[in-house]
Amino acid sequence: MMPFADIAGGQLYYESHGEGFPLIFSTGMGGVGAYWAPQIAEFAKHYRVIVYDHRGTGRSTKSVMKYSVELLAQDLIDLMDSLGIAEADAVGHSTGGMLMQAALVDHPKRFRRAVFYGTRGNADHFTKLAMGMRLALLRSDGVAAYRRSTPIFLYPSDWIRNNASLLEAADRALVESDFNAEIMASRIEAVLNHDQLGRVHRIASESLVICAQDDFLTPPYYSRELAALIPGAKLVFIGYGGHACSQTNPSEFNSAVLSFLTAGHE
């Protein structure tokens, strides 16, 4: 029996690994918890690790609706409620980091420590160009073109060159999944409408902001901006890895994030 958590209007597929204080990983635009495969075993040595598929992705309910960062933030809170989790640590990548900003401001007592990874506080002109291009490609040329272009935004060019077979396998898996173009377009619109920059100063959790120096999709200036606005936030840059450095450079990513999360708690 697959594990599903009830949320408003549907269910979220989730996985739980290890034991201890809950640590929830929230994924980026792709939305699927399997993104965190390079982290699960290592972090599960210290935490009860929970990964989940966002609404509209993977094995979760495919809600065809207007998406927003605030909706996805409430889904995270509903997931915690469904699992009986009063308080957790959380790691959010890109879209996952955006929804975490809203969740931490509106539910400050639910989160102890937070990691904002490769994310941003709002959609500036660069984001509107980059994500607007992805949205236009999806709408004009369809799912296949959108899918094939995605690695360019996520990974360093040399990593793409050296991992062609891995990327081809991932692409085949996505072809076989129930990828809904209408839902993905709405999810892109949600991040284009994201603006928590004027609220993140209210985040009370201990926070780490982390990003790769060569992240194309969320360049380092976004992380500097967030870290300057979130009270007491620690800022760490990883030298290499692109937007998906947790996959391309997991040893450095895991070490930096675990050092922050476990400091004073082991």
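Atom set for the values below is all heavy atoms of this structure, side chains included, hydrogens, waters and symmetry mates excluded. The residues of the chain are indexed from 1 along the displayed sequence.
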What's the separation between atom [atom1] in [X] and atom [atom2] in [Y], rounded to the nearest 0.5 Å?
| X | Y | atom1 | atom2 | value |
| --- | --- | --- | --- | --- |
| Leu23 | Thr262 | CG | OG1 | 11.0 Å |
| His93 | Met29 | NE2 | CE | 11.0 Å |
| Arg134 | Ile188 | CZ | CD1 | 6.0 Å |
| Leu83 | Asp78 | CG | CG | 11.0 Å |
| Leu72 | Leu79 | CG | CG | 12.0 Å |
| His54 | Asp75 | NE2 | CG | 8.5 Å |

- Message: Under the criterion side chain to side chain contact (heavy atoms under 4.5 Å, CB included), I'd like the reasoning laid out for Val64 against Ile183: C-alpha separation, chi angles, the key distance, then a yes or no.
- Response: CA-CA 6 Å; Val64 179; Ile183 290 174; 4.1 Å; yes
If we ignore hydrogens and angles and just use 3.5 Å, is the side chain of [X] paired with the main-chain N or O of [Y] as donor and acceptor?
| X | Y | result |
| --- | --- | --- |
| Ser259 | Ser255 | yes |
| Tyr146 | Ala181 | no |
| Ser60 | Gly58 | no |
| Asn254 | Pro38 | yes |
| Ser63 | Gly56 | no |
| Arg48 | Ser16 | no |
| Arg113 | Leu208 | no |
| Thr61 | Arg55 | no |

Side chains of [X] and [Y] in contact at under 4.5 Å (non-hydrogen atoms):
| X | Y | answer |
| --- | --- | --- |
| Cys211 | Tyr117 | no |
| Val91 | Phe43 | no |
| Leu217 | Met131 | yes |
| Met100 | Leu76 | yes |
| His107 | Gln74 | yes |
| Trp159 | Leu166 | yes |
| Met65 | Ser186 | no |
| Ile40 | Phe25 | no |

- Query: Tyr222 and Thr127: side-chain hydrogen bond (donor to acceptor under 3.5 Å, both in side chains), yes or no, with the steps?
  - Reply: CA-CA 10 Å; Tyr222 287 126; Thr127 285; 2.6 Å; yes
Using distance only, find each side-chain donor-acceptor pair of residues 224-239 under 3.5 Å and give its atom names and separation, not counting sequence neighbours.
none

- Task: Let me see the working for Arg110 and Asp81 under side chain to side chain contact (heavy atoms under 4.5 Å, CB included), right down to the final yes or no.
- Result: CA-CA 10 Å; Arg110 304 299 297 271; Asp81 289 345; 2.9 Å; yes
- Task: Kindly determine whether Thr218 and His243 satisfy side-chain hydrogen bond (donor to acceptor under 3.5 Å, both in side chains), including the steps that lead there.
- Result: CA-CA 7 Å; Thr218 53; His243 187 58; 3.2 Å; yes
Can you see which heavy atom on [X] is nearest to which on [Y], and at what distance?
| X | Y | value |
| --- | --- | --- |
| Asp214 | Pro156 | OD2-CG, 3.7 Å |
| Phe116 | Ala114 | CE1-CB, 3.9 Å |
| Ser26 | Trp36 | O-CZ2, 3.3 Å |
| Ala88 | Ile24 | CB-CD1, 4.1 Å |
| Thr248 | Gly241 | OG1-O, 2.6 Å |
| Val69 | Ala102 | CG1-CB, 4.4 Å |

- Could you go step by step and tell me if Gln39 and Ser246 meet the side chain to side chain contact (heavy atoms under 4.5 Å, CB included) rule? CA-CA 8 Å; Gln39 282 66 57; Ser246 60; 3.6 Å; yes
- Run the numbers on Tyr155 and Gln247 for side-chain hydrogen bond (donor to acceptor under 3.5 Å, both in side chains), then give the verdict. CA-CA 9 Å; Tyr155 308 115; Gln247 294 187 332; 3.1 Å; yes
- Message: Any salt bridge linking Glu168 with Arg148? Criterion: basic side-chain nitrogen under 4.0 Å from a carboxylate oxygen.
- Response: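 Answer for the salt bridge query: yes.
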- Message: With a 6.0 Å cut-off on the ring centroids, do Phe126 and Phe216 count as close?
- Response: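 Distance test on ring centres: under 6.0 Å, yes.
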- Query: Is the count of non-hydrogen atoms from other residues, nucleotides or ligands lying under 6.0 Å from Glu182 atom CD greater than 12?
  - Reply: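 At most 12 heavy atoms, drawn from other residues, nucleotides or ligands, come within 6.0 Å of this atom.
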- Query: Counting only heavy atoms not in Glu19, do more than 12 sit closer than 6.0 Å to its CD atom?
  - Reply: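 No, because the 6.0 Å sphere around CD of Glu19 holds 12 heavy atoms or fewer from other groups.
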- Query: So Lys66 and Asn193, side chain to side chain contact (heavy atoms under 4.5 Å, CB included) or not? Walk me through it.
  - Reply: CA-CA 12 Å; Lys66 180 178 175 60; Asn193 292 325; 4.3 Å; yes
- Query: Hey, which of Gln196, His194, Arg120 is the one that makes side-chain hydrogen bond (donor to acceptor under 3.5 Å, both in side chains) with Gln101?
  - Reply: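 Of Gln196, His194, Arg120, side-chain hydrogen bond (donor to acceptor under 3.5 Å, both in side chains) with Gln101 is met by His194 alone.
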- Query: Which residues pass the side-chain contact (heavy atoms from CB on, under 4.5 Å) test with Val32, sequence neighbours left out?
  - Reply: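 Applying side-chain contact (heavy atoms from CB on, under 4.5 Å) to Val32 gives Ala34, Asp53, Thr57.
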- Item | Cluster check Val143, Leu137: I/L/V/M/F/W/Y, side chain < 4.5 angstrom |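 Each belongs to a different hydrophobic cluster.
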